[in-house]
There are 2 protein chains.
Amino acid sequence: MLKVGRLADYGVLILHHLGRMRPVRLSMESLSEVTHLPLPTVRKVMKFLVDAELVVSKRGPNGGYQLARPPEKVNLAEAIAAVEGTLALTECCDAAGTCEIHDRCDLASRWPGVNAIVMRVLERTSLADLDRFGRHETHIPPPLRELMGAPPGGLGRS
Amino acid sequence: MLKVGRLADYGVLILHHLGRMRPVRLSMESLSEVTHLPLPTVRKVMKFLVDAELVVSKRGPNGGYQLARPPEKVNLAEAIAAVEGTLALTECCDAAGTCEIHDRCDLASRWPGVNAIVMRVLERTSLADLDRFGRHETHIPPPLRELMGAPPGGLGRS
DNA sequence: ATAATAGTATACCGCATGAGTATTGAATGC
DNA sequence: GCATTCAATACTCATGCGGTATACTATTAT
């Protein structure tokens, strides 16, 4: 189903909210309330986000979390990766992949390319870009348009 | 981890192979051998591919499967969807979604937009395009370049 | 200093999902 | 009618993931 796990989804949701609230600091409890997610779940997610340095935390009374960077500078790829680890469409794409067929598979060398493209789509979509997506229209963030307009032969890094 | 299931991966592998062999007809047993996948697994996958009308089957002696369309006309989105059902990054994107937060979620209306873009990337990448992906370079299939509405004359790469 | 606040770290459970397998049935062609 | 090959169903099993509980540590206001 090509899905991102719920926790990662929650992560994006929380990051997005923190982005809108910046630079206000929000406690886990506040986040739990505003997102309607159970507190223990929020706890779990926040740990990932802190480890990934996407949010900064402060303890004590009046502590809480705030987005480490402006929302334009946080992309979906890193948000998802923070929670779920390396993004990999297939095992072939994962560094720690353990596909038994790998050696004899015609596609083992092809999947990473596909993976890279999907990744870039996510990389070039920021938390701020999310606000521009409506339910039915497909707004395309400028950085993405640029990506796809790249000359044949691939872009940038290889 | 944003992954596609193994069965779907197998599906693409098989479709790709059928594409290269077209219009030769291949039995499940042959497919099992050439892909190094267990026969029962191939059976399972083929059912999905037939139901989705991506391959046509023929029974009896000298029966087998062949790709229903030329490989340029079969894209990754439908290949994956054939095995895994509707592609949906999150529950919000799924028609049959049952997200408890949905009503109160800030992003419920935004995810489908992101989903749509990723989908298009997959839609515009055909089985034939796979051959153009090398391990380390990121070739972008022409239909994909065109997709994002790149201004005429194209843009320099980032 | 102390208490209240709030983040940090672990450890556990149960269920849903998906991978893999086996068996039996139906169609085709010689 | 018999060999061949696909079709359909049903089942097991393990893994992963979502969800939860609990105890601990750090910070700061007063």
Next item on the list: Map Gly5(A) and Gly60(A) onto DNA chain D by nearest heavy atom, then report which one ends up closer to the 5' terminus.
Entry: Gly5(A)
Notebook entry, point to check: Does any N or O in the side chain of Asp94(B) come within less than 3.5 Å of the main-chain N or O of Ala88(B), such that one atom is a donor and the other an acceptor?
Noted result: no
Next item on the list: Specify the separation, in whole Å, of atom CZ of Phe48(A) and atom P of dC17(D).
Entry: 10 Å
Item checked: side-chain N/O Arg43(B) vs dT5(D) OP1/OP2, d < 4.0 Å -> no
Margin query: Could you tell me how far apart Glu91(A) (CD) and dG16(D) (P) are, to the nearest whole angstrom?
Written below: 10 Å
Check: Taking everything shown except Asp51(B) itself, do over 12 heavy atoms lie less than 6.0 Å from its CG?
Finding: yes
Check: Do Asn115(A) side-chain atoms and Pro112(A) backbone N/O form a donor-acceptor pair below 3.5 Å?
Finding: no
Note to self: Among dG18(D), dT9(D), dG20(C), which nucleotide has an atom closest to any side-chain atom of Arg6(A)?
What the structure shows: dG18(D)
Notebook entry, point to check: Are Arg20(A) and Asp131(A) within salt-bridge range, i.e. N to O under 4.0 Å?
Noted result: yes
Notebook entry, point to check: Are Met21(B) and Leu107(A) connected in the hydrophobic side-chain network, where two residues link if heavy atoms are under 4.5 Å apart?
Noted result: yes
Next item on the list: Could you check how far CG of Leu37(A) sits from P of dC17(D), rounded to whole Å?
Entry: 18 Å
Notebook entry, point to check: Pick from Leu49(A), Leu130(A), Val83(A), Leu76(A): which one makes a side chain to side chain contact (heavy atoms under 4.5 Å, CB included) with Leu15(A)?
Noted result: Leu49(A)
Notebook entry, point to check: Out of dG20(C), dT5(C), dG18(D), which nucleotide sits closest to the side chain of Pro61(A)?
Noted result: dT5(C)
Item checked: Phosphate-side-chain proximity, Tyr10(A) and dG18(D), N/O vs OP1/OP2 below 4.0 Å -> no
Next item on the list: Let me know, please, whether Glu29(A) or Arg59(B) comes out on the 5' side of the other along DNA chain C by nearest nucleotide.
Entry: Glu29(A)
Notebook entry, point to check: Does a side-chain N or O from Tyr65(A) land closer than 4.0 Å to OP1 or OP2 of dT8(C), or not?
Noted result: yes
Item checked: Rounded interatomic separation in angstrom, taking CG from Leu39(B) and P from dA19(C) -> 17 Å
Next item on the list: Determine the sole option in Leu7(A), Leu39(A), Leu37(A) for which the side chain to side chain contact (heavy atoms under 4.5 Å, CB included) test with Lys44(A) is passed.
Entry: Leu7(A)
Check: Across the strands shown, which category fits Met46(A) at heavy-atom distances under 4.0 angstrom: base, sugar-phosphate, nothing?
Finding: nothing
Check: Any side-chain N or O of Ser57(B) under 4.0 Å from OP1/OP2 of dA7(D)?
Finding: yes
Next item on the list: Figure out the NZ/C1' separation between Lys47(B) and dG20(C), and round it to whole Å.
Entry: 17 Å
Item checked: Inter-end axis angle, the helix from dA1(C)-dT30(D) to dC30(C)-dG1(D), with every axis fitted to five base pairs (rounded, 10 degrees) -> 20°
Note to self: Can you tell me which nucleotide in dA19(C), dA6(C), dG18(D) comes closest to the side chain of Leu7(B)?
What the structure shows: dA19(C)
Check: Over how many whole Å does the gap from Lys58(A) atom NZ to dA29(D) atom P extend?
Finding: 7 Å
Next item on the list: Quickly work out the Lys44(B) NZ to dC6(D) C1' distance and round it to whole Å.
Entry: 17 Å
Item checked: Minimal non-hydrogen separation, Glu91(B) against Arg6(A), with atom names -> OE2-NH1, 3.7 Å
Check: Whole Å only: how far is the CD1 atom of Ile101(B) from the P atom of dG18(D)?
Finding: 13 Å
Next item on the list: Go through dA8(D), dG18(C), dC17(D) for me and flag the one nearest to the Lys3(A) side chain.
Entry: dG18(C)
